[in-house]
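The next block holds one structure in the form of structure tokens; read it before the comments.
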Amino acid sequence: MVAERSYEATGLDTHPFRKRVIEVMSSPVKTCGPDESVQFVADRMCRDRISSLVVVEGDRPCGIVTSHDVVAKVVARGLAPSGMVVRQIMNQPLESVPPDAYYYQALLAMMKHGIKHLPVIDGGRLLGLVTLGDLARRRESGALGIVNRIENEDSIEGLRRAREKADSVMSALVAERADPPEILAVTTEFNDRLHRKIIELAENEMEAGGKGPAPVDYCFINMGSAGRKEQFARTDQDNGIIYQDPPQGLDPRVVQAYFVELGAKISEGLFQCGFAKCPGNVMASNPAWCRSLSNWKRHILGWIRHPVPENILSTTIFFDFRPIYGRTAMAEELRSTAFMAIQDNQNFLHYLAAEDLRHSVPLFGWFKTIYTPLTGKHRGELDLKRSACVHVVDCARIFALRSGISETSTTGRLRILAERGQIDTEEAESVISAYQTLMTFRIREGVRRAARGDFENHDYLRLKDLTDREKFLLKEAMAAVARFQDHTGLVFAVEGFV
């Protein structure tokens, strides 16, 4: 592996993501009671030049009130602040972090909940407060700045630049040896926000072009690695649109044409921001992946009842779908339909397992030697995605579909399966550990190759670049994947279906 680079060498600042919250929080914290007058706390915030007060009842923090709350919930509505109390406008439940949380965890909480003030609480005791300003001052071009930039951008070009900044954040997390779940959580939040903003711009473009707003409700879904919250590199798009069945009097062909055009604008925007178009055309711009809810239901039932190779391939992409934008209830209704259909067609799962077992983990001989190509472009390189990671993804998905688990992330599926007794707990932990090891190699290699402009071969690892310990860890991880693949084959009696 390439030696870790310093922050100075990468152009990043020297305040690591893995700094503890207690090191960056403000203390002591200004507080108020829930029954104090809104007028009083507004005057106090102005006088003390602060933008928030943590609400404490007894000795327990129970909410937070900000200057924005006063403006949006009182002044903008023409209400009298003197006649209201804090309890009526404070934010509950209170989002907080413990003092030993990392910078990235505070950052992620702020991004997820759209907040700028985060109390630091230990055992119910208020220790401090982390604000967007606190984090921004310590990382002036960091993740929170990127989030704000994404939210405020009104052009694809601006979003493209924000995406490039987001890549530098991932590089920083890798340099600080953050674990894959940490890296993927932050990257997913960036990508989801970027997708939503691109969709909004596409909607605006449709209206500006005289096409009007969406004729019916719809939901935009991501599939593949993005659906699993495991997209870390500039991988290609896998997405689709589910739209409400048109009411009587609205031509279904006109409705689909609208959403296919909208999908094309979204796909192009994503492409401009670095997400390559899918070579297999699995995108919302393709009518095959842009359907009404009832049409989607019929289509999925067809996949499950007729598991020919083409349908099997489609399901391995589709069944990791996750709603990103719009009326998400339609996506969950579609998922429920799929689960019920699978319960009535259990053989479908056997075909999925048989498809995965067509290729095995490339370990050979008594000593489990890792096999790599002897000739060609990738001589001596291991394709981490297709050789190992895909088998964990596939097998976890098969068990999850059998159990009706709506979680889409691979490690999340494995943990739920273990909790439900569908997989042995020790085996699940072994596979999760192996998967995270493999993802660590993939992410670090992806960042290394991206730094030199190679965005196509991020899944390939050159074995001769590894230390002896890294080779040992890689071999152990692949052996765990092979065992899980074998177990899946036994559970689903693949032999009878190959």
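Because only heavy atoms are used, hydrogens play no part in the values below, and waters and symmetry mates are left out as well, while side chains stay in. Throughout, numbering of the chain's residues begins at 1 and tracks the sequence.
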Between Asp245 and Lys297, is there a side-chain N and carboxylate O pair less than 4.0 Å apart? no
Tell me whether Phe339 at atom CZ has more than 12 heavy atoms from other residues, nucleotides or ligands lying less than 6.0 Å away. yes
Crowded around Gln346 CD? As in, over 12 foreign heavy atoms under 6.0 Å? yes
Is it true that a side-chain atom of Thr316 and a backbone atom of Leu313 form a donor plus acceptor pair closer than 3.5 Å? yes
Around atom CZ of Phe472, are there more than 12 heavy atoms from other residues, nucleotides or ligands closer than 6.0 Å? no
Is a donor on one side and an acceptor on the other found under 3.5 Å between the side chain of Trp296 and the backbone of Ala331? no
Exam field: side chain Thr315 to backbone Ile312, donor-acceptor pair closer than 3.5 Å: yes
What one should report as the nearest heavy-atom pair of Leu194 and Phe275 is CD2-CE1, 3.6 Å
For Asp468, I'd like to know if atom CG has over 12 heavy atoms of other residues, nucleotides or ligands within 6.0 Å. no
Stepwise salt bridge (charged side-chain N to carboxylate O under 4.0 Å, His left out) test for Arg228 and Asp238: CA-CA 11 Å; Arg228 296 191 303 273; Asp238 288 313; over 6 Å; no
Can you tell me if Glu157 has over 12 outside heavy atoms packed within less than 6.0 Å of its CD? yes
Gln436 versus Asp179, side-chain donor and acceptor atoms under 3.5 Å: no
Under 3.5 Å: donor-acceptor pair, side chain of Gln422, backbone of Ala400: no
Before accepting this row, confirm whether a basic side-chain N of the pair Arg196/Glu200 lies closer than 4.0 Å to the acidic partner's carboxylate O. no
Can Lys265 and Glu203 be counted as an ion pair, charged N to O under 4.0 angstrom? no
Looking at Phe321, does the NZ or CZ of Arg335 lie under 6.0 angstrom from its six-membered ring centre and within 45 degrees of the ring axis? yes
Within 45 degrees of the ring normal and closer than 6.0 Å to the centroid, is that where the cationic atom of Arg420 sits relative to Phe399? no
Carboxylate-amine/guanidinium proximity below 4.0 Å for Asp192 and Arg322: yes
With a cut-off of 6.0 Å (strictly less than), are more than 12 heavy atoms of other residues, nucleotides or ligands near NZ of Lys277? yes
Polar side-chain atom of Ser267 near backbone of Gly263 as donor-acceptor pair, under 3.5 Å: no
Answer yes when Arg483 and Glu427 have at least one side-chain N-carboxylate O distance shorter than 4.0 Å, and no when they do not. no
